[in-house]
Amino acid sequence: MKVVGYSDELSVRPGDRVNFFVSCDAERYHADIVKLVHGDTNPGGPGFKIEPVSTDVEADYAGRVQRIHAGSHVLVEDHPSLQLQGPFSVQVFVCPSTPGKAVQGLVTKWDTAGQAGYGLFIGDDGCLQLWLGDGSGEVQQVSSGKPLLAGTWYLAAATVDAQGKITLFQEPVVTPTNGRFTIASSLESTTAVVSADARLRARPDNGVPLVLAGCVESLTDEPVRVAVGCHYNGKLDRPRLHAAALSARELEGQAELPHGRTLVAAWNFQEEITDNGVRHTRRVTDLSPNRLHGRTVNVPTRAVTGYNWQAREQNFVHAPNQYGAIHFHEDDLDDARWRVDFTLTVPELSSGLYAARLRADDDIDYVPFYVRPRMGAEKRICFLAPTASYMAYANDNVTLWAPLAQLFVARAPVLQEGNLVLSGHREFGLSTYDIHSDGSGVAYSTRLRPILNMRPGFRHWLSPSLWQFNADLHLIDWLTEMGYEFDVVTDQDLHHEGLDAIRPYQVVLTGSHPEYYSEQMLDAVGGYLEGGGRLMYLGANGFYWVINYDPESKDVIEVRKGHGSNAWRCKPGEFHLSFTGEYGTLWRHRGRAPQRLVGVGFGSEGFDVSSYYRPAPDSHNGVASWMFEGIDTDEKLGDFGLVGSGAAGLELDIYEPSLGTPPETVIAATSEEHTDIYLEVLEELYFNVPGTGGSQNGRVRGDIVYFPTPNGGAVWSASSIAYCGSLSHNAYDNNISRLTRNVLDRFLQEEPAPLAAGSKSG
Amino acid sequence: MQPTPSRESPDRERMIAEHRACIDHMKGVAGCSILRTEQPGSAINPHGGIHEQMDLAKVLVRMRAMQPGAYGGKYVVICTEPDTSWRIGRLSGVRGVPPRFIDDRVYSDEQEVQHEIFRLRLDQYPETDGMPEHFHEGWKRHDDAWAAT
């Protein structure tokens with residue numbers, strides 16, 4: 001792809017400004033703004049639909065390549081106190097996860113270009129090393145000579161005394177609870193105290209910052225300012241610097257009680273932990289009188305167990321002292337940090353989904369953004385775009401790595417150009433379905449990067465055709481073609497504004513897979529329903545994972561996976577969200593199963609082909625018959641479609657009173673005849689036993705349900721991710737389109753919501 | 001363990017024939033499964049294929065569960081022109097190293113690629129794998145869940 005881009009804003013109103021960041025390796029590219037209507041290129045459907053919009057950003061622009069600097073670390077600005085020229089000590093607890101990878105910086109005041117400074121590193125021999133560089137090209141590297149073990153905590157330290165004697169300490173700190181091993185051996189093969197004489201005088205007056213978890217590659221005029229290399233995979237805890245050569249005993253004492261007149265810096269990562277999580281997510285506090293505070297770059301994972309974790313407390317906010325670690329990854333990213341290429345002042349556009357279209361030679365990229373109406377000018381229908389869920393899947397690489405991918409989809413996956421680009425460019429950042437290069441799960445996802453699978457026209461390997469962002473254009477297209485006027489609101493708006501974001505609307509429509517929800521978002525939708533709002537949940541596996549947004553960025557989300565159908569599992573003691581301190585995993589495990597909100601919740605999944613629904617008894621001449629006006633209730637519902645060729649497919653939700661489906665819920669239709677690729681989800685099982693597949697298990701199905709809520713509100717749930725893919729069949733004249741229209745039209749009426757189950761039908 | 005049928009096995013041609021019949025049913029479907037349906041081009045009323053030939057179902061699962069880099073790399077479909085042309089690639093199994101095309105063949109039918117990959121895999125993978133004599137760390141450690149490479 002010759003041109004890719006992203007924007008700083010996702011959701012805007014007329015008059016707001018949106019900056020676009022573009023990397024282009026052609027001489028020029030052309031940019032304009034388009035409205036996105038339909039992104040499915042399947043020749044059996046309505047085809048790709050976009051509408052050009054005239055704006056003042058439409059022009060040719062000079063192309064330039066912009067780099068992404070992935071990899072998390074801490075930067076501490078250069079300061080005379082850090083330019084230790086006499087005796088000094090540097091120490092930190094380390095728990096490396098890929099010690100054999102290559103050179104990795106731990107605590108470095110090191111200028112790679114000038115080969116000047118000092119630093120604790122993991123060397124290319126997999127051992128702890130002290131580096132001293134005099135700036136003339138002469139470098140002294142002292143190695144412990146004993147390889148570090150992955151997943152094991154060590155006290156790593158080096159001292160240089162006034163006579164130039166170097167002592168390097170590599171001491172395993174293995175407790176019954178803090179790491180991969182308990183005391184299984186003497187650990188002699190990985191324990192070392194090494195002495196050497198300094199051959200040179202280090203020059204840490206090198207003009208570069210001190211780095212934790214990397215070292216300075218170069219200073220650059222790019223917005224990132226400091227290009228960091230030799231990224232470290234693993235945890236660091238309690239780094240300290242002294243302007244004196246401490247003894248082994250003194251080093252140990254400094255860990256918990258940093259003190260003394262020679263103390264230069266003592267960073268305690270747990271200082272940012274509050275009762276409500278790590279609210280200053282990028283701050284790192286130095287306890288020393290010098291106050292050499294640092295800042296994290298590219299969101300390393302906080303709220304992780306430290307060198308002294310005792311396995312009693314699972315929530316970091318209750319025992320901050322045992323959570324003094326940060327887990328760094330070479331492939332973390334919170335912001336691509338590109339230069340701005342052009343800025344759009346949003347004109348008076350109707351609310352909807354738009355994109356900056358970037359064209360270079362034959363290549364095209366679309367950078368999407370949502371335009372909301374001016375305040376007070378809201379229409380009656382709102383499409384609530386599940387943008388948090390789009391972020392969770394952003395730039396996933398799953399199919400390249402996980403055999404599970406091909407088992408899920410029951411075929412050889414189909415890769416698009418975007419997948420190929422990502423396969424060679426991990427610096428574009430990962431999704432919460434990936435794992436880091438060290439095997440740990442990806443807990444954070446940022447929107448501030450080109451997201452190549454959040455594009456119109458993108459066909460996703462996990463779906464028989466479309467997924468998430470592009471699949472939700474099926475709904476936008478249907479609303480547009482059927483002549484409904486509607487606004488768009490994003491998850492980001494819902495999270496930050498709460499109920500106010502959707503209060504003005506008579507009906508709110510979800511997307512096909514609103515899976516990732518913060519407490520704030522859940523409360524807002526609940527409040528909307530309680531106040532008489534009407535919700536059409538046009539998908540499945542919604543309201544599932546607990547997430548929250550970065551307190552310091554509207555563009556970063558966090559999830560802690562486990563105890564569900566999960567791409568990875570948290571390590572013990574790390575199930576709580578760093579951003580808030582709340583327990584992560586599934587809302588179901590927090591006592592807020594989706595059934596309580598929308599009557600149904602995730603029950604099964606399969607990704608080969610879809611099936612159909614059969615109307616339930618209440619549809620014929622009962623409390624559900626209002627939905628089926630103009631529909632023959634003896635026919636199959638949705639035995640067609642652009643997603644798996646059926647309306648019931650991919651992920652399916654079920655009615656489950658024990659999980660909170662309201663007692664008045666009407667079952668209008670239920671799906672059947674799913675393939676054996678469909679299996680009941682893990683959280684529904686107690687033991688893994690035969691018989692969980694579609695041809696044997698009656699719980700492999702999606703239930704279309706309806707129930708009224710207090711104050712005139714109502715909920716209607718489709719319970720299938722594939723549902724919206726059937727709306728356009730036969731030029732929008734089909735029973736899924738009709739059913740959806742019947743419900744939407746009824747919900748738009750001011751009269752009371754339809755009757756509940758158990759009521760006498762009119 | 002269900003063996004992948006050898007070249008000499010009579011089961012092999014039967015499995016290929018059933019796979020072929022299912023693929024023909026899937027032409028025109030927005031998706032793919034090794035199943036027959038009520039009619040070609042429909043996904044409704046799945047039967048035959050993996051629902052009835054259990055040895056075929058097991059062999060397919062074994063093939064799909066293989067490690068990305070094993071036995072020369074796992075076959076994937078690469079779309080070179082949306083809705084129009086597809087080619088066969090192989091995963092490198094190495095993080096950061098993209099898949100590569102296996103040859104110059106371009107398919108104008110996506111389902112045909114699936115069938116060709118099935119035939120290629122019959123030759124690619126050994127009759128049995130994951131038995132004690134095939135032990136390798138990743139297999140036993142369940143790195144195959146979501147790989148750690």
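Excluded from the calculations below are hydrogen atoms, water molecules and symmetry mates; all remaining heavy atoms, backbone and side chain alike, are included. In what follows, chains are A, B, ... by sequence order, proteins preceding strands, each numbered from 1.
- Using a 4.5 Å cut-off between heavy atoms, A:Asp331 contacts chain B through its side chain alone, with no backbone atom that close.
- Atom OG of B:Ser92 is separated from atom CH2 of A:Trp401 by 5.5 Å, given to the nearest 0.5 angstrom.
- Of the atoms belonging to A:Leu407, heavy atoms from both backbone and side chain fall under 4.5 Å from chain B.
- Under the 4.0 Å criterion applied to side-chain N and carboxylate O atoms, A:Arg411 and B:Glu110 are not assigned as salt-bridge partners.
- For A:His425, no part lies under 4.5 angstrom from a heavy atom of chain B.
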For A:Ser437 and B:Arg95: C-alpha separation, side-chain torsions, deciding distance, then whether side-chain contact (heavy atoms from CB on, under 4.5 Å) applies.
CA-CA 8 Å; A:Ser437 64; B:Arg95 194 177 178 98; 3.6 Å; yes
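- With B:His51 contributing its side chain and A:Asp676 its backbone, the two residues share a donor-acceptor pair below 3.5 Å.
- Heavy atoms of A:Ser463 lying under 4.5 Å from chain B are absent altogether.
- A pairwise comparison of heavy atoms in B:Pro98 and A:Leu420 identifies CB-O, 4.4 Å as the closest pair.
- Residue B:Arg14 qualifies as enclosed at atom CZ: its count of foreign heavy atoms under 6.0 Å is above 12.
- Taking 4.5 Å as the limit, every side-chain heavy atom of B:Ile44 sits out of range of all side-chain heavy atoms of A:Glu673.
- Contact annotation for A:Val643: only backbone heavy atoms (N, CA, C, O) come within less than 4.5 Å of a heavy atom of chain B.
- A distance of 11.5 Å separates CG of A:Asp639 from OG1 of B:Thr37, quoted to the nearest 0.5 Å.
- Only the backbone of A:Ser610 comes within less than 4.5 Å of a heavy atom in chain B; its side chain stays farther off.
- The CG atom of B:Leu60 sits 8.5 Å away from atom CD1 of A:Ile677, with the distance rounded to the nearest 0.5 Å.
- B:Val97 touches chain A through its backbone: at least one of N, CA, C or O sits under 4.5 Å from a heavy atom, while the side chain does not.
- At a 4.5 Å heavy-atom cutoff, the contact between B:Ile78 and chain A is made by backbone and side-chain atoms alike.
- In this structure, A:Leu400 and B:Pro99 have side chains that are in contact, with non-hydrogen atoms separated by less than 4.5 Å.
- In this structure, the portion of A:Val409 lying under 4.5 Å from any heavy atom of chain B is its backbone and not its side chain.
- Side-chain N or O atoms of A:Gln406 include none that pairs as donor or acceptor with a backbone N or O of B:Ala65 at under 3.5 Å.
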